[in-house]
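Remarks on the structure that follows.
Every chain is numbered from 1 and lettered A, B, ... according to where its sequence line falls, protein lines coming before strand lines.
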There are 2 protein chains.
Amino acid sequence: MRGKGGRQTIRDLAAMAGVSISTASKALNDTGRMGEETRQRVKRVAREIGFRPNALAQGLLSKRSFTIGLLTNDTYGRFTLPVMAGVSEALVDRGVSVFLCAIEDDPALGQVHVDAMLDKQVDGIIATGKRVDRRLPIDLSDVPVPVVYAFTEGGPDSVSFRSDDAHGATLAVEWLKASGRQRIVHVTGPEDFFSVRERSGAFRAVTGNGATVLFGEWSETWGRDAVDRIWSSPGEKPDALFCGNDQIARGAVDALRERGIRVPEDVAIVGFDNWEIVAAQMRPPLTSVDMDLKELGRQAGLTILALAEGQPVEPGVRTLPCRLVVRQSCGVGSPKTEKRR
Amino acid sequence: MRGKGGRQTIRDLAAMAGVSISTASKALNDTGRMGEETRQRVKRVAREIGFRPNALAQGLLSKRSFTIGLLTNDTYGRFTLPVMAGVSEALVDRGVSVFLCAIEDDPALGQVHVDAMLDKQVDGIIATGKRVDRRLPIDLSDVPVPVVYAFTEGGPDSVSFRSDDAHGATLAVEWLKASGRQRIVHVTGPEDFFSVRERSGAFRAVTGNGATVLFGEWSETWGRDAVDRIWSSPGEKPDALFCGNDQIARGAVDALRERGIRVPEDVAIVGFDNWEIVAAQMRPPLTSVDMDLKELGRQAGLTILALAEGQPVEPGVRTLPCRLVVRQSCGVGSPKTEKRR
DNA sequence: GTCAAATGAGAAAACGTTTTCTCAATGAAA
DNA sequence: TTTCATTGAGAAAACGTTTTCTCATTTGAC
C-alpha cells in the first residue's frame, strides 16, 4: 500500500474518505466543526493507509520545522555523545529531529553548517564543545533562531548549561574522607582550564589548606609521572588520589601497581568524567565523578524547545550537579550504589 | 539587516531588485531568459541582503530535502563517529545535512525515529551499527527512500559497505613478518563475530597452518589472560602478538610488562581498530590496523546521494581496504609512515 | 515596410499542508 | 411561517519556492 513512488498526500486521504481536503485536515487535527462520524471516518482511513503529513509543508506554513541543530567541535565525541543522547531523548517524542554538525575547529566549515541548518529552518541550535571555557570557532550571537550552549562557553546574555565541577570535586573528597582517607592529593590537568580551577578550588576548600594539587596534562603519562614524583620525594605519602580525569587516574593506578602499592588498600583513587570505556575496564574498576552530560543534554533540549515556542527563558549559566559512580578503586567497604546530591 | 523576525523571502528580494518573483528566481538559479544586467542586479541585491532560499519551500516542490538520516545502535559512538564524520564530510558541500538518530537496541524507538525522518522527507537513510554481522533492530527494507548500510548487516539486495578485515589482518601479519618476527599468535574476540572469523582466517592463511589463534572477548582482561596463558604453558614463546582489537592489545602489553617482557624488543604487538584514544596513549604507542571508517562513511554518503538522485547503484557488499598505522609497538626499525594497499 | 524569430520579463500553477471564511441546511424560538 | 442561531462541510488563501506559459517588444532578414 505504501512504498510505490511517493507517499499518500492529504488529497488522497480526502478522496478516499469522501471529504474535502480541509475537512480531512481538520479531522486529523481535532479542530474545526464536523460530524463526529465524519471525523472518525477520516481518522480511520488515515490509519488504514498509513497517512503521515509532510513535515515540509507543515513547516512552511507553521514556521516550525521540528528540527534543531547540534553544533560541536568535539571530534572524539567523548562529551558530545552523551549530550546528544540527552538532547535526542528529550526531543524525540515531541517529534523533533536533530542535525548533528561536527565542525572541528574550522570557522569556515562551521559557517557552512550553520547556513545549511538555517536554510532548513531549524527551530534552534544547541552549541556544544569539548571544553567549558572555550567558544566554538563561530559566532552564533546573531543567528535568527534561539541558541543554547551546553558544555561550551556562550556569549553574554546567552543561555548555557554546564556541570557543577566544584560539586563533583566535593563529592569525591567527601567520599574519600568518609571511607577513612586522610591525606588526599589532587592530580589534575592544565590550570588554564576553567574546570581544573573549579575542581581544585573545591578540593582545597574541602580538604583544608595544606592539601597538594598537582597540575599537568590530561594524559595517562601525566598520571604516571605524578605518582613517580610524589613517591620519589621524601615525606609522608598520600593514602588517596583524586584525579582530574579518568586517563590520569589510569596512569596513576598503573604507576602505583608498578611500585607495588595496592589500590585500593594502600591508596584509594577517584577519577573524573566516568568515561565508561576507561573507568569500567580498569583494574580495579574506577570510582569516578560523572558530570551527567546526558541530563545536561536533556535540559538543553527542553530549553531550546521552550525558546522555539516563544516561552521566555532567563539568560545565564545553569550548573547541574554531578554524581559519584562508585566502583572498586576506593575499597570494598563502600556501598556499591551511586550517590546523588 | 538580517535577524529581526523572520528572514527575507524571495518576494522581498524581487521587490528590492524591481523585478517579479519569477524573474528573481530565474536570476538566482541561472535559468530562464533575461537581460544580463537584470540578472546581475538581482544577484547583487541578493548578496547584499544575504538572501538564502527557504529549503522547506524548495523541498516541497523538488521532492528533495537535502537531508539524510544516519541511524545507529552504537551507543559509544566508537564506530559511528568516524562513519558520521565521513558522511558529513562527503555531503556538507553539497548542502546535505544529517539527522543523527541513536536508537540503542530498541525497535520502538527506532520506529519513532524512522517515522520522524520520513515525515521530514529525508532523501535517504544510512544505517550503521557496532557490529558488521548484526542487523539493526528495525526493518528498513520497505521504507520509501533509499537505504545504505555501513558497518552493519543489510538485507538481501541492499547496498552495504564494510571494511576488508581479511586485508587488515594480512597487512598486520606481513608487517610483522617484514620486521623479522617468526612466531606470531593471534589473540582476538569471540569467534561468533564475523570479523573475528575474517581476520583469523586471513591470519591463518598468511602465517601458515600451525599458527595459534586464541578466541576470547573484547576486553583488556582477556588480553592479559591470554598472555598469562601463553607464557605459563610450556614450549617456545611467540615473538609477536596480533590482537583483535586495541583493548586486547592494551591488556596484553600490560601483562607482558608485568612479566618483564619488553615490547617491542622481545615481543611486537599489532592491534586492530586504531582507536586513537587507546592506541596513541599506550606505551609504547600501538601499531594498529585502521578500518578507515571515515572513508567508509564518505562512500556511503556519496552512494546514498547517488541513489537519491535516481542514479542506478549495483546492490551488494562493498569492502574497503584497511590501513596499517605504524607506531612504536613493533620496533623502531620500521618506517614511521602509514602503509596503504 | 513586412513577417518571423528571438528576447526579456511577468502571470500563474504547483508542491502539501493549515486556517479562515463562506454558505447551505437544519433546528429552534417567535 | 418567519427569523435567527447552530451545525456540517467545502472554497480559497497562505506559506516560499520553481517552472511552465504567455505576451509584448525588439531584432533581423528579406
Contacts of Thr31(B) that satisfy side-chain contact (heavy atoms from CB on, under 4.5 Å) - sequence neighbours left out: Lys26(B), Asn29(B)
field: Carboxylate-amine/guanidinium proximity below 4.0 Å for Arg318(A) and Asp164(A)
entry: no
task: Can you run down the side-chain hydrogen bond (donor to acceptor under 3.5 Å, both in side chains) pairs that involve residues 147-161 of chain A, sequence neighbours left out, and say none if there aren't any?
output: none
Quiz: residues 80-88 of chain A side-chain donor-acceptor pairs under 3.5 angstrom, not counting sequence neighbours:
residue, atom, partner, partner atom, Å
Thr80(A), OG1, Thr72(A), OG1, 2.6
Thr80(A), OG1, Asp74(A), OD2, 3.2

message: Need to verify one output field. Residue with the more 5' nearest nucleotide on DNA chain C, Gly32(A) or Thr9(A)?
response: Thr9(A)
field: Span of DNA chain C in contact with chain A (heavy atoms, under 4.0 Å)
entry: dG16(C) to dT19(C)
task: Check DNA chain C against residues 35-46 of chain A and give the residues with a non-hydrogen atom under 4.0 Å, in numerical order.
output: none
Residues that Glu36(B) engages under side-chain contact (heavy atoms from CB on, under 4.5 Å), provided they are two or more places apart: Arg39(B), Gln40(B)
field: Donor + acceptor pair across side chains of Ser22(B), Ser25(B) (<3.5 Å)
entry: no
Ser97(A)-Lys120(B) side chain donor-acceptor pair, cut-off 3.5 Å: yes
Within residues 16-30 of chain B, residues whose heavy atoms come under 4.0 Å of DNA chain D: Ile21(B), Ser22(B), Ser25(B), Lys26(B), Asn29(B)
- request: Using the ring of Phe51(A) (Phe, Tyr or Trp, six-membered ring only), decide whether Arg47(A) places NZ or CZ under 6.0 Å from its centre and within 45 degrees of its axis.
  value: no
Show me the donor-acceptor pairs, under 3.5 Å and distance only, between side chains in residues 132-140 of chain A and residues at least two apart or in other chains.
residue, atom, partner, partner atom, Å
Asp133(A), OD1, Arg131(A), NE, 2.7
Asp133(A), OD2, Arg131(A), NH2, 3.4
Asp133(A), OD2, Phe194(A), N, 2.6
Asp139(A), OD1, Ser141(A), N, 3.0
Asp139(A), OD1, Ser141(A), OG, 2.9
Asp139(A), OD2, Ser141(A), OG, 3.0

statement: Contacts satisfying ring-ring contact (aromatic ring centres under 6.0 Å, His included) that involve residues 90-142 of chain A (not counting sequence neighbours) are Phe99(A)-Phe99(B)
message: According to side-chain contact (heavy atoms from CB on, under 4.5 Å), who are the partners of Thr303(A), at least two apart in sequence or on a separate chain?
response: Val148(A), Val159(A), Phe161(A), Leu307(A), Val313(A)
query: For the helix from dG1(C)-dC30(D) to dA30(C)-dT1(D), how many degrees between its two end axes (five pairs per end), to the nearest 10°?
result: 60°
- line: Residue set satisfying side-chain contact (heavy atoms from CB on, under 4.5 Å) with Asn54(B), at least two apart, ordered chain then number -> Leu60(A), Gln121(A), Leu56(B), Ala57(B)
